[in-house]
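I have placed the structure first, in the form of structure tokens, so that the comments after it can refer back to it.
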Amino acid sequence: TGDEEKASILRVLDRGVLSAFEGTNNEFFLGGPEVRDLEAEWASKSRVKHAVAVNSATSGLLTAVQAAGVGPGDEVVVTPFTMSGTVAAIIAANAVPVFADVELRTFNLDPQALERRITSRTKAVLAVDIFGHPADMDAIKAVAGRHNLIVIEDAAQAPGALYHGKAAGTLGDIGVFSLNCNKHIQCGEGGIVVTGDDRLAQRARLIRNHAEAVVASGMEVDSLAGLVGFNLRMTELEAAISRCQLRKLDDLLARRLELVRYLESRLKDIPGLRLPEVLPGCTHVYYRYALVLDRQIWKVPARVVVRALNAEGLEFYVSYMRPLYLQPIFQRLTAYGEKGCPFKCPHYQGQVDYAAGCCPNAEKLEDFVISTEIVRPPQTKADMDEIHDGLRKVLDNIQALRDVR
């Protein structure tokens, strides 16, 4: 943040209104001027008809899932290789996540694995642009089209990424961006839902802002299903900061890409590293920088390499996280109350499989993928040199690490 953000905060404070939302069908249903201006600017930047500001990307995902009409008895096919909030949005709608495996080039949802997971209960697909590279959305949408499914895109890690000339986040029926403090641009906590569909946009605006109260005060809707209204609203302060950050996105991405290019020029002399792959027609915005280790050369699991890098003061992690279906909530099949809902809900007629091995590619990643978030501003080329030197040192001493557990 800088002087622009400070000035925007003072502008809001001088105006004296920190939130102008009202949960009723009047002129304040859409919030205050900063929120409305942010939405207009984000829609213009992304070349999409509607943008809806919310208080977090997790709230945005919940909004998108419920706007899509997902509910009890439904299944949503999703990648297991993502942050837990992606899947929590499905459970919050009382639907059941069904995990499909990832492909090993970009670690995104594999369209062929997606097709194998579709049943008569499948309502939607939730694809994630993991690490900043867009998922294979043409293939995913082709599968979804054959089965009449809604496509939700979690682009929290990919603002500014392109897929055949279109902005990530705008590739499905409805998409979600993050403005969390760790993301490319941020206002502390916040999110944006985007869609080209008027109906989905209306439903998203209702869900973020006490839908049942707004409908009761006169707004007409074609269906009440899923319109359990929450307070998912963004404040004027967050919106003002986000507007400044959005204007800086191109510059921040350019600086990030400059660091990536420099680091990759240094890493060329280290054998056994597969650098992040960028598929034809796509751009990558490197929310995380992921390296694939050739175990024939590195000879030890990724966790051992990461511990050695951490000892050198470098913030690397194993892969990203374990596949989500291995978490207790899925292994024990319970989320709401003690009766196993939504997995054992009487409305759900399926039998979901969360056994280890159901997504083998996702489970393999822990063995040979390491990643870091430090290839970004305000880091410098000197910091990239430290990454190179740390990796070089670990590889030069790899034999000494073979007995580490």
Side-chain angles (χ1 to χ4, degrees), residues 61-103 107-130 135-154 171-176 197 200 203 223 225-226 322-337 339-363:
L61 288 164
L62 170 61
T63 298
V65 168
Q66 292 198 180
V70 173
D74 293 333
E75 295 175 347
V76 177
V77 183
V78 64
T79 169
F81 191 63
T82 182
M83 187 264 188
S84 61
T86 306
V87 178
I90 300 168
I91 294 174
N94 282 288
V96 173
V98 173
F99 294 99
D101 211 352
V102 301
E103 47 86 9
F107 319 120
N108 281 314
L109 182 65
D110 182 342
Q112 294 182 351
L114 161 64
E115 183 121 45
R116 292 193 293 270
R117 290 291 192 260
I118 292 171
T119 73
S120 60
R121 297 171 295 278
T122 308
K123 181 81 170 186
V125 180
L126 207 172
V128 179
D129 303 322
I130 202 69
D136 188 358
M137 292 299 286
D138 283 347
I140 289 170
K141 288 194 294 184
V143 173
R146 287 194 290 273
H147 299 275
N148 195 31
L149 306 177
I150 293 282
V151 178
I152 303 165
E153 183 183 6
D154 180 348
L171 305 172
D173 296 292
I174 189 166
V176 179
D197 186 289
L200 289 175
R203 289 174 63 81
S223 171
R322 300 188 74 198
L324 290 178
Y325 56 81
L326 297 177
Q327 291 187 357
I329 192 172
F330 302 106
Q331 292 299 301
R332 299 175 189 172
L333 294 181
T334 187
Y336 293 113
K339 297 182 179 179
C341 292
F343 313 103
K344 300 175 184 177
C345 170
H347 297 289
Y348 180 56
Q349 301 300 309
Q351 187 171 0
V352 69
D353 178 16
Y354 296 139
C358 70
C359 294
N361 283 349
E363 292 183 31

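R203 contributes atom CZ, which lies 8.5 Å from atom CD of Q66 (distance to the nearest 0.5 angstrom). Between the CD atom in E103 and the CG atom in D136 there is a gap of 7.5 Å [rounded to 0.5 Å]. With rounding to the nearest 0.5 angstrom, the CD1 atom of I90 is 9.0 Å from the CG atom of L61. Interatomic distance, CD1 of I140 versus CG of L114, reported as 6.5 Å (0.5 Å rounding). If you take NZ on K123 and CG on L149, they are separated by 9.5 Å, rounding to the nearest 0.5 Å. With values rounded to the nearest 0.5 angstrom, C359 atom SG is found 8.5 Å from D353 atom CG.
In this structure, Y348 has its ring center no closer than 6.0 Å to that of F343.
Side chains of S84 and Q327: no donor on one and acceptor on the other come within 3.5 Å.
No side-chain heavy atom of D101 sits under 4.5 Å from any side-chain heavy atom of R116.
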Give the intermediate values and the outcome of side chain to side chain contact (heavy atoms under 4.5 Å, CB included) for residues N94 and Y336. CA-CA 9 Å; N94 282 288; Y336 293 113; 3.7 Å; yes
Take Q331 and Y354 through the side chain to side chain contact (heavy atoms under 4.5 Å, CB included) test and state the conclusion after the steps. CA-CA 7 Å; Q331 292 299 301; Y354 296 139; 4.0 Å; yes
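Across all non-hydrogen atoms, the minimal contact from A135 to D129 is N-OD1, 2.9 Å. When all heavy atoms of V143 and P111 are compared, the pair lying nearest together is CG2-O, 3.9 Å. The minimum heavy-atom distance between P80 and V102, with the atom names listed, is CD-CG1, 4.3 Å. The shortest heavy-atom contact between P323 and E363 is CG-CG, 3.7 Å. Between I329 and T334 the shortest heavy-atom distance is CG1-O, 3.1 Å. When all heavy atoms of V87 and T79 are compared, the closest pair comes out as CG2-O, 4.4 Å.
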